[in-house]
Amino acid sequence: MQVFVPLLRNPSLPFFFVQQSIMLRLAGSRLSQQHRGLLAAAARPLVQSTLAPSAHSIPPSQSACSGSTVGKGLSDAPPRLFSRPITTSASPAASASPTSPSSSSAGKLPQSNAAVGAGITAASKFDAVIVGGGHNGLVSAAYLAKAGMKVLVLERRHVLGGAAITEEIVPGFKFSRASYLLSLLRPVVIEDLKLKQHGLKVHMRNPSSFSPLRDGRYLLMGSDHKLNHEQISKFSAKDAEAYPKYEQALDRMATAIDPLLDSIPFSGRSSLSSWSQVQALAKTAVGLLPHMQEFYQILTAPASKILDRWFESEPLKTTLATDAVIGAMVSPHTPGSGYVLFHHVMGGVEGVRGAWGYAEGGMGGVSSAIASAARAAGVTLQTNATVSSIVVDESANRVKGVKLQDGTMIEAKYVLSNATPKVTFLDLIKRSALPDAFVRDVSTIDYASPVTKINVAISELPNFTALPNKGKNVAGPHHQTTIHLGCETIQEIDEAFVDAKYRGKASEMPVIEMCLPSVLDKTLAPEGKHVVSLFTQYTPYKLAKGDWDVPGTREAYAEKIFTLIDSYAPGFKASVLGYDILTPMDLERVFGLTGGNIFHGAMALDQLYFVRPTRQSASHKTPIQGLFLCGSGAHPGGGVMGAAGRNCANALLASAGR
């Protein structure tokens with residue numbers, strides 16, 4: 001232990017915690033230059049409708065979406081489907097019901113307003129109850145069950161998975177309706193839960209990034225160093241030489257931070273502080289010390305400043321800058337946005353560092369595998385179960401269990417919440433059960449979100465002017481990538497941010513990330529047709545003029561997006577068969593994502609590591625004995641990582657002496 005004392009006394013050490021912020025942000029931020037994925041924490045889209053709970057349990061093989069299990073203001077009816085012609089504002093028809101990736105036809109959503117069912121009654125006793133069946137909740141459940149606990153997962157919606165879902169919105173087309181790329185899922189979670197044996201399969205992407213320009217040029221990049229050099233050289237020979245060094249610099253720091261992702265935050269005063277926590281922090285400190293000045297600059301500077309130091313060509317800088325803002329209400333000029341650049345080297349797929357891929361069957365395939373592992377460990381998975389409150393014995397300051405919307409009380413020694421901190425502490429728990437200072441801290445968490453997700457069914461592949469198709473509907477390497485549109489300069493991204501942040505309107509020139517997963521995953525769409533994921537920003541939660549709920553408002557925004565895509569790929573708009581649009585408000589209503597934030601809270605330096613979500617609850621424990629936070633609002637933040645769920649389970653087991 002003595003060998004680490006000098007490190008822990010180092011005055012620069014506080015920034016090692018902040019450094020974690022980067023891991024958080026990037027873990028929670030969503031895509032990487034190697035190419036991204038919402039996120040997100042959180043990731044995210046859904047549509048407003050009406051709540052229709054039922055006594056119906058969905059087996060883990062039927063993956064789809066999920067959110068918090070709080071009922072107030074949330075909905076779980078069939079998604080709103082907008083069909084052609086897209087320029088009309090006629091009432092949308094109801095879509096096909098969500099199904100699992102392996103399902104051949106859409107099932108009917110239950111319409112009864114029944115109680116929970118599946119044998120769950122007031123007499124049922126569990127060691128632990130988990131509020132919310134998102135991927136982190138499922139991970140926590142699996143680990144606790146493997147440790148011998150009797151565990152129940154309660155999910156408000158008819159399906160499991162949180163933002164990692166697959167839904168059949170347009171008949172025959174299956175969409176990753178919220179999060180849409182995979183990279184950040186922790187290797188230890190994949191190994192411990194044997195997710196590949198439970199059906200997890202990922203399609204690798206190479207190349208992985210395509211940035212077409214309006215003047216006909218383009219930048220195509222991936223894991224092939226020769227390709228990257230050739231492509232970047234078209235814009236700058238100097239940048240082509242600098243890019244590998246840039247990636248190596250980020251990789252060094254990301255590697256140093258990696259141990260913190262799989263560790264409960266070290267506070268120095270928590271009863272959970274252990275040698276393993278100190279060891280993880282010390283490892284990070286040792287790895288970062290030789291690069292402390294460089295790390296500090298990246299951590300605190302605007303992304304634009306960092307990129308200006310490395311590169312001179314605007315197409316490369318802008319492509320990389322999208323990683324610094326994706327899913328966040330920030331500009332590349334915002335101080336602190338630089339640290340999320342780590343995101344593009346933080347994760348990996350099949351052992352390839354920084355790679356991003358498509359989960360087969362959509363992101364619901366990820367949740368399906370985790371749910372399968374949890375059920376195999378003995379976890380009870382209950383859908384259509386709306387938790388109305390977390391019950392606390394205030395005299396003993398201890399959790400007693402949860403109460404369902406139908407009045408059923410389920411007792412448990414431990415309760416883990418996979419909902420956002422706001423929903424958990426301000427909506428589900430009586431105010432008198434929490435310290436005033438803690439409530440104030442929770443009330444100040446930033447949930448601003450710029451994200452509107454649009455899921456589109458198209459009749460043919462986009463044909464980009466900058467890189468034309470070699471034949472009708474013949475996919476090229478660029479079709480499998482993350483395609484960056486509407487953001488050809490740093491200034492354009494900043495202007496898009498200003499529109500939403502300070503003018504209260506959707507960006508005049510939105511930033512678009514387009515993915516076509518059906519190019520690699522043939523299970524998602526009918527032959528010859530494709531599904532399109534459009535992760536767009538910036539859109540405010542509330543409009544300064546107008547309202548998202550006013551008929552035609554969402555359609556007008558979708559029209560703007562499709563018109564912009566048409567300027568790069570003429571004919572795209574005409575190929576649209578139907579679409580589903582999810583504004584920040586819709587994300588909150590359907591998934592319980594406060595403010596529509598895909599990370600369960602902004603991944604800012606003041607909301608990371610040992611202060612995420614607050615100083616009093618950063619170790620996954622809360623001021624109430626027996627109550628834990630296992631969602632993305634806890635360390636290490638958003639994104640489909642599973643780390644928060646695993647770390648929370650470990651924190652609970654440590655507190656229980658197991």
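Side chains included, hydrogens not; waters and symmetry mates left out as well; all remaining heavy atoms used.
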Checking side-chain hydrogen bond (donor to acceptor under 3.5 Å, both in side chains) against Y143, which of N650, N647, D192 comes through?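 Of all the options given, the one that passes is D192.
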Go through it in stages, so that I can follow the logic: the residues are I370 and V189, the test is side chain to side chain contact (heavy atoms under 4.5 Å, CB included), and I'd like the CA-CA distance, side-chain angles, deciding distance and then a yes or no. CA-CA 9 Å; I370 301 172; V189 172; 5.5 Å; no
Atom pair [atom1] ([X]) and [atom2] ([Y]), whose distance is rounded to the nearest 0.5 Å:
{"X": "N455", "Y": "I581", "atom1": "CG", "atom2": "CD1", "result": "10.0 Å"}
{"X": "T166", "Y": "Y180", "atom1": "OG1", "atom2": "OH", "result": "15.0 Å"}
{"X": "S179", "Y": "F535", "atom1": "OG", "atom2": "CZ", "result": "9.5 Å"}
{"X": "K529", "Y": "F173", "atom1": "NZ", "atom2": "CZ", "result": "6.0 Å"}
{"X": "H620", "Y": "S417", "atom1": "NE2", "atom2": "OG", "result": "13.0 Å"}
{"X": "H635", "Y": "L260", "atom1": "NE2", "atom2": "CG", "result": "6.5 Å"}

For the residue pair [X] and [Y], what are the closest heavy atoms and their distance?
{"X": "L485", "Y": "Y568", "result": "CD2-CG, 3.7 Å"}
{"X": "E168", "Y": "P171", "result": "OE2-C, 4.0 Å"}
{"X": "G486", "Y": "L564", "result": "CA-CD2, 4.0 Å"}
{"X": "S533", "Y": "K453", "result": "OG-CE, 2.7 Å"}
{"X": "L160", "Y": "S367", "result": "O-CB, 4.4 Å"}
{"X": "V153", "Y": "G132", "result": "CG1-O, 4.0 Å"}

Would you check if the side chain of [X] reaches a backbone N or O of [Y] as a donor-acceptor pair within less than 3.5 Å?
{"X": "T539", "Y": "P450", "answer": "yes"}
{"X": "T255", "Y": "D251", "answer": "yes"}
{"X": "S518", "Y": "D521", "answer": "no"}
{"X": "D566", "Y": "P570", "answer": "no"}
{"X": "S140", "Y": "G137", "answer": "no"}
{"X": "Y358", "Y": "Q480", "answer": "yes"}
{"X": "S176", "Y": "A178", "answer": "no"}
{"X": "E155", "Y": "T383", "answer": "no"}
{"X": "E588", "Y": "G592", "answer": "no"}
{"X": "S449", "Y": "G596", "answer": "yes"}

Check against side chain to side chain contact (heavy atoms under 4.5 Å, CB included), L534 and E513: CA-CA 6 Å; L534 299 176; E513 288 203 346; over 6 Å; no
Do the side chains of [Y] and [X] get nearer than 4.5 Å, heavy atoms only?
{"X": "K174", "Y": "V531", "value": "no"}
{"X": "L182", "Y": "V349", "value": "no"}
{"X": "L185", "Y": "L195", "value": "yes"}
{"X": "P510", "Y": "I561", "value": "yes"}
{"X": "H135", "Y": "V366", "value": "no"}
{"X": "T322", "Y": "C487", "value": "yes"}
{"X": "L629", "Y": "C648", "value": "no"}
{"X": "V188", "Y": "I190", "value": "no"}

Side-chain donor-acceptor contact under 3.5 Å, [X] with [Y]:
{"X": "T536", "Y": "Y557", "value": "yes"}
{"X": "N228", "Y": "K226", "value": "no"}
{"X": "T482", "Y": "R205", "value": "yes"}
{"X": "S208", "Y": "T481", "value": "no"}
{"X": "H600", "Y": "S632", "value": "no"}

Side chain to side chain contact (heavy atoms under 4.5 Å, CB included), that's the test. Do I326 and Q537 meet it? Break it down for me. CA-CA 8 Å; I326 199 72; Q537 54 190 82; 3.7 Å; yes
Any carboxylate oxygen within less than 4.0 angstrom of a Lys/Arg side-chain nitrogen, looking at [X] and [Y]?
{"X": "R186", "Y": "D258", "result": "yes"}
{"X": "R554", "Y": "D586", "result": "yes"}
{"X": "K196", "Y": "E350", "result": "yes"}

Only pairs under 3.5 Å count here: list side-chain donor-acceptor contacts from residues 638-646, not counting sequence neighbours, and write none if there are none.
| from | atom 1 | to | atom 2 | distance (Å) |
| --- | --- | --- | --- | --- |
| R646 | NH1 | D262 | O | 3.2 |

Donor-acceptor contacts, no H, no angles, side chain residues 460-469, under 3.5 Å, sequence neighbours left out:
| from | atom 1 | to | atom 2 | distance (Å) |
| --- | --- | --- | --- | --- |
| E460 | OE1 | K472 | NZ | 2.9 |
| N463 | OD1 | N469 | N | 2.7 |
| N469 | OD1 | H479 | NE2 | 3.4 |
| N469 | ND2 | P462 | O | 3.3 |

Consider side chain to side chain contact (heavy atoms under 4.5 Å, CB included). Of N418, V387, T386, which one does L154 pass it with?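 By the side chain to side chain contact (heavy atoms under 4.5 Å, CB included) criterion, L154 pairs with just one of N418, V387, T386: V387.
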How about Y579 and F562: are their ring centres within less than 6.0 Å of each other?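 Yes - the distance between ring centres of Y579 and F562 falls below the 6.0 Å cut-off.
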Please report the C-alpha distance between I565 and K573 in whole Å, then the side-chain angles of each, then the deciding distance to 0.1 Å, and finally whether the side chain to side chain contact (heavy atoms under 4.5 Å, CB included) criterion is met. CA-CA 8 Å; I565 296 173; K573 187 188 299 187; over 6 Å; no
